[in-house]
2 protein chains.
Amino acid sequence: MNIGEIARRAGVARSTVSYALTGKRPVSEETRQRIQAVIEELNYRPNAAARALKEGRTRTIGLVIPPASRRLTDMQLGFVATVVDAAARADLDVLLSPSGGEHERSFERVVTGRRVDGVILMEIRLEDDRVTRLRQSGLPFVGIGRTSHPEDMTWVDVDYETLISQCVHHLADLGHRNIALVNRSAELVAAGYGPGHRAQAGFTRAVAQRDLHGVHACCADDAQAGLSCVERLLAEHPELTAIATINETAITGMYRALAQAGLAVPKDFSIAGVAAQNLAENLDPPLTSADVPTIELGARAVELLIQRIADPGSPHRHLLAAPPISLRGTTGPARPRA
Amino acid sequence: MNIGEIARRAGVARSTVSYALTGKRPVSEETRQRIQAVIEELNYRPNAAARALKEGRTRTIGLVIPPASRRLTDMQLGFVATVVDAAARADLDVLLSPSGGEHERSFERVVTGRRVDGVILMEIRLEDDRVTRLRQSGLPFVGIGRTSHPEDMTWVDVDYETLISQCVHHLADLGHRNIALVNRSAELVAAGYGPGHRAQAGFTRAVAQRDLHGVHACCADDAQAGLSCVERLLAEHPELTAIATINETAITGMYRALAQAGLAVPKDFSIAGVAAQNLAENLDPPLTSADVPTIELGARAVELLIQRIADPGSPHRHLLAAPPISLRGTTGPARPRA
DNA sequence: GATCTAGGTCGAACCGATTCGGCGAACCGG
DNA sequence: CCGGTTCGCCGAATCGGTTCGACCTAGATC
């Protein structure tokens with residue numbers, strides 16, 4: 001069921017079938033219809049591998065995600081979903097590649113076997129080997145996230161630094177003077193995970209600007225960790241009245257710790273954060289947060305990648321999102337504890 | 001940077017390079033090392049498209065997921081993660097294909113363009129066009145889920161019928177006599193979504209066996225819907241004292257509705273369900289549920305698919321999982337309301 | 001010493017598409 | 001009636017691998 005078979009049955013040359021399909025050269029209406037009929041009868045579809053071989057492109061993009069073992073955050077899920085969606089809309093297929101740890105081979109295959117025309121890279125570290133590898137391979141790529149030298153790559157990212165700073169300012173405006181930042185896991189931050197570092201930078205900056213007392217805590221990405229982390233914070237820092245966080249996954253645990261400590265939100269304690277809108281809205285109570293526009297960012301990443309594939313020499317572009325904070329009722333006037 | 005270049009620099013024929021790489025024919029140790037040196041120097045990797053073209057297989061599997069627009073349930077996420085993981089372990093790449101609605105083209109491309117060696121199909125309907133298409137295309141595939149004629153396809157599935165039945169029996173053992181089943185969304189059930197129908201069947205059966213009063217309700221897949229659904233149930237059926245559910249995503253909303261109605265769980269009201277373990281454990285309170293072994297099922301699906309690709313004529317195999325119910329404290333003795 | 005076997009290598013065909021140069025027929029103006 | 005275009009189509013080369021048959025050499029067998 002190859003192009004030769006179609007050509008034979010339609011009584012034309014293989015090249016004519018090809019031209020009839022791609023329209024790259026004129027084919028008489030009559031011939032085209034004859035070919036089309038045969039194609040539909042046999043339900044023929046060109047072999048992707050053969051086409052890729054000849055054309056030098058695969059019409060596929062790679063999406064490099066954090067290792068599958070770790071549960072993805074709601075935000076990451078949002079990115080994956082919209083990237084897949086946007087790619088499908090552009091008639092591109094998406095090859096999923098878990099990276100990190102034991103899955104190094106998968107990444108290598110994708111990058112170096114010319115299986116994809118370009119790559120979207122998620123969860124980028126400040127210093128990231130994968131970025132280096134991609135750069136030297138010459139494969140077009142777009143980051144969702146950025147390294148510490150973001151000028152010479154194309155990316156979209158969430159401006160955690162500004163957003164956490166705004167959260168702190170918002171809390172300070174409400175009278176809070178003792179605020180904790182609940183970050184992502186210690187390993188992730190230690191590994192140079194960008195959002196973790198930038199959130200911390202924004203936190204430190206805002207705390208200094210408003211002359212506050214700030215506490216920084218890392219917390220693994222699950223509810224249980226959120227619970228014990230906040231339990232510990234409350235015990236060790238009785239002066240705390242508010243939390244700012246970028247750790248979506250731990251939030252339900254934080255809520256639980258506060259409830260168990262007899263602290264009502266937002267009456268006794270305030271929380272503000274950066275999260276996927278979908279998650280923030282569905283929490284109980286709904287979280288006051290900067291809603292990351294995953295749909296727009298994911299779609300833009302695909303768009304930028306398509307441009308980059310079309311013209312690899314074009315200048316790098318960047319998109320830094322700093323959505324406004326949606327007040328949903330987990331922040332209120334400060335009220336001293338104990 | 002193709003095999004010819006390597007051959008030239010190593011002073012051998014292209015076929016020798018190929019044999020050195022695949023080991024399908026003996027190559028002298030000396031030659032092999034010379035070739036290996038050149039390969040490493042140039043960082044050569046065989047072109048995937050060329051290999052796929054000649055070998056007739058792509059070393060890639062397709063994973064057909066529900067449309068990306070809809071948020072995946074925790075269970076579905078678990079499946080995706082473990083499928084990707086298991087595939088990577090077997091040195092297979094995963095091509096993601098959102099199906100349904102506007103993404104028909106994506107599915108067609110994957111199935112008919114010979115882009116993949118096999119397909120894993122998620123969220124299968126009782127009558128499913130995609131199964132029909134796959135069957136007639138001759139492409140090996142494995143379902144996570146099954147149609148109403150499950151004998152002639154290979155699948156792994158969760159035994160919702162048995163599990164919901166067990167939930168009802170468990171509740172009945174605790175003295176509950178008026179129980180509601182909160183199903184997935186009405187559209188999904190109307191579209192013939194298997195788990196929805198099978199859960200309903202199991203519910204009806206158990207209710208009859210124990211001579212209970214059962215109420216069936218559909219509920220969209222989000223917390224808000226869970227809230228309003230349970231609000232409505234409580235209002236229209238004041239006799240209800242327990243809920244059984246397969247709608248993971250709506251559970252937090254159900255909790256909220258009960259809390260707002262002043263009903264404590266499990267003192268005043270019981271809930272039992274089928275859910276991803278990860279989710280059930282992290283709810284507050286943790287949900288008494290049958291924990292679906294997504295890791296095992298996902299990995300088995302990949303395993304079955306690999307077998308099927310190796311030997312397409314082999315008999316179909318099935319795996320129906322009915323994990324025991326983990327008692328986590330959302331069910332207790334019945335206590336009449338009002 | 002002739003024959004056989006096995007190891008090691010080469011050259012050519014092949015997978016299924018795309019694409020380029022060219023060829024014949026129809027058509028045009030002069 | 002002739003030279004030049006244009007249109008529609010064909011044939012062959014090509015992409016980068018794998019694989020099969022054939023060949024050569026060296027060592028084993030009798």
Side-chain angles (χ1 to χ4, degrees), chain A residues 1-36 38-39 42-60 91 93 109 111-117 137-139, chain B residues 1-36 38-39 42-60 91 93 109 111-117 137-139:
Chain A
M1 199 105 35
N2 55 23
I3 201 174
E5 179 71 16
I6 305 296
R8 200 171 320 120
R9 298 212 190 195
V12 297
R14 300 193 303 155
S15 50
T16 305
V17 176
S18 180
Y19 290 127
L21 280 173
T22 63
K24 293 188 181 177
R25 277 197 191 177
V27 171
S28 76
E29 189 52 31
E30 185 206 331
T31 313
R32 144 168 294 126
Q33 289 189 359
R34 193 149 30 93
I35 292 173
Q36 196 57 43
V38 177
I39 284 178
L42 270 62
N43 194 30
Y44 162 80
R45 215 74 53 179
N47 180 306
R51 176 182 296 201
L53 176 58
K54 178 60 184 166
E55 285 190 332
R57 60 170 180 158
T58 59
R59 298 166 190 269
T60 304
D91 278 335
D93 286 323
R109 264 205 312 274
V111 171
T112 189
R114 274 154 295 181
R115 302 183 66 89
V116 298
D117 297 336
S137 80
L139 199 60
Chain B
M1 199 106 29
N2 55 23
I3 202 174
E5 178 72 15
I6 305 295
R8 200 171 319 120
R9 299 211 189 196
V12 297
R14 298 193 303 152
S15 50
T16 305
V17 177
S18 180
Y19 290 127
L21 279 173
T22 62
K24 294 190 179 174
R25 277 197 192 177
V27 171
S28 76
E29 188 53 28
E30 185 207 331
T31 314
R32 146 171 292 127
Q33 289 188 359
R34 195 149 30 93
I35 292 172
Q36 197 56 43
V38 177
I39 284 179
L42 271 61
N43 193 30
Y44 164 79
R45 216 71 56 177
N47 179 306
R51 174 180 296 192
L53 176 58
K54 176 60 183 174
E55 285 190 333
R57 62 172 177 155
T58 59
R59 300 165 189 269
T60 304
D91 278 334
D93 286 321
R109 263 204 312 274
V111 171
T112 190
R114 274 152 296 179
R115 300 184 67 87
V116 297
D117 297 337
S137 81
L139 199 60

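Proteins get letters first, then strands, A, B, ... in listed order; numbering begins at 1 in each.
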Per-nucleotide protein contact string for nucleotides 4-12 of chain C, where B marks a base within reach and S marks sugar-phosphate only (heavy atoms under 4.0 Å, - for neither) | ----SBBB-
A:E30: partners by side-chain hydrogen bond (donor to acceptor under 3.5 Å, both in side chains), with sequence neighbours left out | none
Salt bridge (Lys or Arg N to Asp or Glu O under 4.0 Å) involving A:R45 - partner list, sequence neighbours excluded | none
Sequence neighbours excluded, which residues qualify as salt bridge (Lys or Arg N to Asp or Glu O under 4.0 Å) partners of A:R8?
-> A:E5
Please state how far atom CD1 in A:I3 lies from atom C1' in C:dA17, giving the value in whole angstrom units.
-> 6 Å
Under 4.0 Å: is that the gap between some side-chain N or O of A:K54 and OP1 or OP2 of C:dG16?
-> no
Between A:N47 and C:dG16, is there a side-chain N or O to OP1/OP2 distance below 4.0 Å?
-> no
Sub-3.5 Å donor-acceptor pair from the side chain of B:R34 to the main-chain atoms of B:A10, do we have one?
-> yes
Under 4.0 Å from any heavy atom of chain B: name the first and the last nucleotide of DNA chain D that qualifies, 5' to 3'.
-> D:dG16 to D:dA22
Of all residues at least two apart in sequence or in a different chain, which pass the salt bridge (Lys or Arg N to Asp or Glu O under 4.0 Å) check with A:R115?
-> B:D93
Axial bend angle, the helix from C:dG1-D:dC30 to C:dG30-D:dC1: five-pair end segments, nearest 10° | 40°
Sub-4.5 Å side-chain heavy-atom contact between B:R109 and A:D91 = yes
Under 3.5 Å, which donor-acceptor pairs link side chains of residues 11-20 of chain A to any protein atom two or more places apart or in another chain?
none

In whole angstroms, how far is the P atom of C:dC14 from the CG atom of A:N2?
-> 13 Å
Can you name the side-chain hydrogen bond (donor to acceptor under 3.5 Å, both in side chains) partners of B:T31, sequence neighbours left out?
-> B:S28
Only counting residues at least two apart or in another chain, list the ones meeting salt bridge (Lys or Arg N to Asp or Glu O under 4.0 Å) with A:R57.
-> A:E55
Not counting sequence neighbours, which residues clear side-chain hydrogen bond (donor to acceptor under 3.5 Å, both in side chains) with B:D117? List them please.
-> B:T58
Spacing between B:R57 atom CZ and C:dG16 atom P, to the nearest angstrom = 16 Å
Once you round it to whole Å, what is the distance between P of C:dA17 and CD of A:E55?
-> 12 Å
Any side-chain heavy-atom pair from A:Y44 and A:I3 closer than 4.5 angstrom?
-> yes
